[in-house]
Student: 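First the structure, which I've put down as structure tokens, then a few questions once you've had a look.
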Amino acid sequence: MENWATGIFTSVSGGLGAGLESVTELGVLTVHLHAPTTDFRTPAKTAEIKALFASAGVAITVVFVGFEDDDYATVERVAESVGLVPPDRRQARLKETLAIADFASELGVDAIGMHLGFVSHDDPGQYSQIVEVTRSVCDHCLRNGQRFHLETGQETADELLAFIGAVERENLAVNFDPANMILYGAGDPLEALDKVGAHVKSVHCKDASIARRPGQAWHEDAPLGEGDVNMEAFLRRLDRLGYRGPLTIEREYSPDQAGDIKSALTFLEGLRAKILG
Ligand code: MG
């Protein structure tokens, strides 16, 4: 795979991200895949998905875990509903996460990623439970020869580093999403990248503006290059860190998602040529 291969988020069962036809139309060769619902994870469907991507020449580099009842409406709802944090849903979601890791393994994908949720750093009881459940995911992934990537943003870089240190698993890594740092108010994305850089194994190229338009939902991002991330500085830092993996565009909420993704690809390819030569 070429250095900084451009990629996009894709989905095989609807939802966020473009479908495989859009992926091939855009000519990108790498994707992050939203884990499909259970009916798409049967052995037959899994084999079918694998064959489809292989024949299109598109490599899936990370499978992202999400849950049907994750709720991103407000930051408060995220804290209550997202990831492996909600105690009443944790065991069922752990089971589903491990099943998705196995699905990814069948596809030949060596990493899964997810928003773990808001881990409370002031509640030692809850903290140790989340550390434990994260170890369970890591240990399962390790048996599959996979890494587990934590999506950034729902904590500061220092909190994330402390959490990774507490879990103590070599295959725990970071999917760095600079826009999330802005959207969740979790600190400056570039400073955060400097801190957690050694753990970064995948990235989302996503932008966000600090200032919100009137009525704009908190989680709405900005077209790449038009927000406050400073993508060139972001990529220069990735370069200094020696990161050569894919640059995966994530554009979640836009009236012109396809157009924005196309412009983002051109934008990133320009920066790649400028920085890597
Ligand atoms: Mg992301």
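Counting starts at 1 for both ligands and their atoms, in listed order. As the structure is a computational prediction, the values presented were derived from the model and not from experiment.
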Student: What N/O/S atom of Glu151 is the closest to the Mg ion (ligand 1)?
Tutor: OE2
Student: Please determine if the Mg ion (ligand 1) has an N/O/S atom from Glu252 lying under 2.8 Å away.
Tutor: no
Student: Taking the inter-plane angle between the rings of Tyr72 and His115 on a 0 to 90° scale, is it parallel (under 30°), tilted (30 to 60°) or perpendicular (over 60°)?
Tutor: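 The rings of Tyr72 and His115 sit tilted, inter-plane angle from 30° to 60°.
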Student: I'd like to check Asp207 versus Met231 (side-chain heavy atoms, cut-off strictly below 4.5 Å). Are they in contact?
Tutor: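 Yes, at least one pair of side-chain atoms sits under 4.5 Å.
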Student: Could you check which N/O/S atom of Glu250 is closest to the Mg ion (ligand 1)?
Tutor: OE1
Student: Of all the N, O or S atoms in His204, which one sits nearest to the Mg ion (ligand 1)?
Tutor: ND1
Student: Just give me the atom name: the N, O or S atom of Asp177 closest to the Mg ion (ligand 1).
Tutor: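 Result: OD2.
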Student: So, Phe118 versus Tyr184, ring centres under 6.0 angstrom or not?
Tutor: yes
Student: Under 4.5 Å between any side-chain heavy atoms of Leu33 and Phe103, yes or no?
Tutor: yes
Student: Would you call the rings of His34 and Phe9 parallel, tilted or perpendicular, taking 30° and 60° as the class edges?
Tutor: parallel
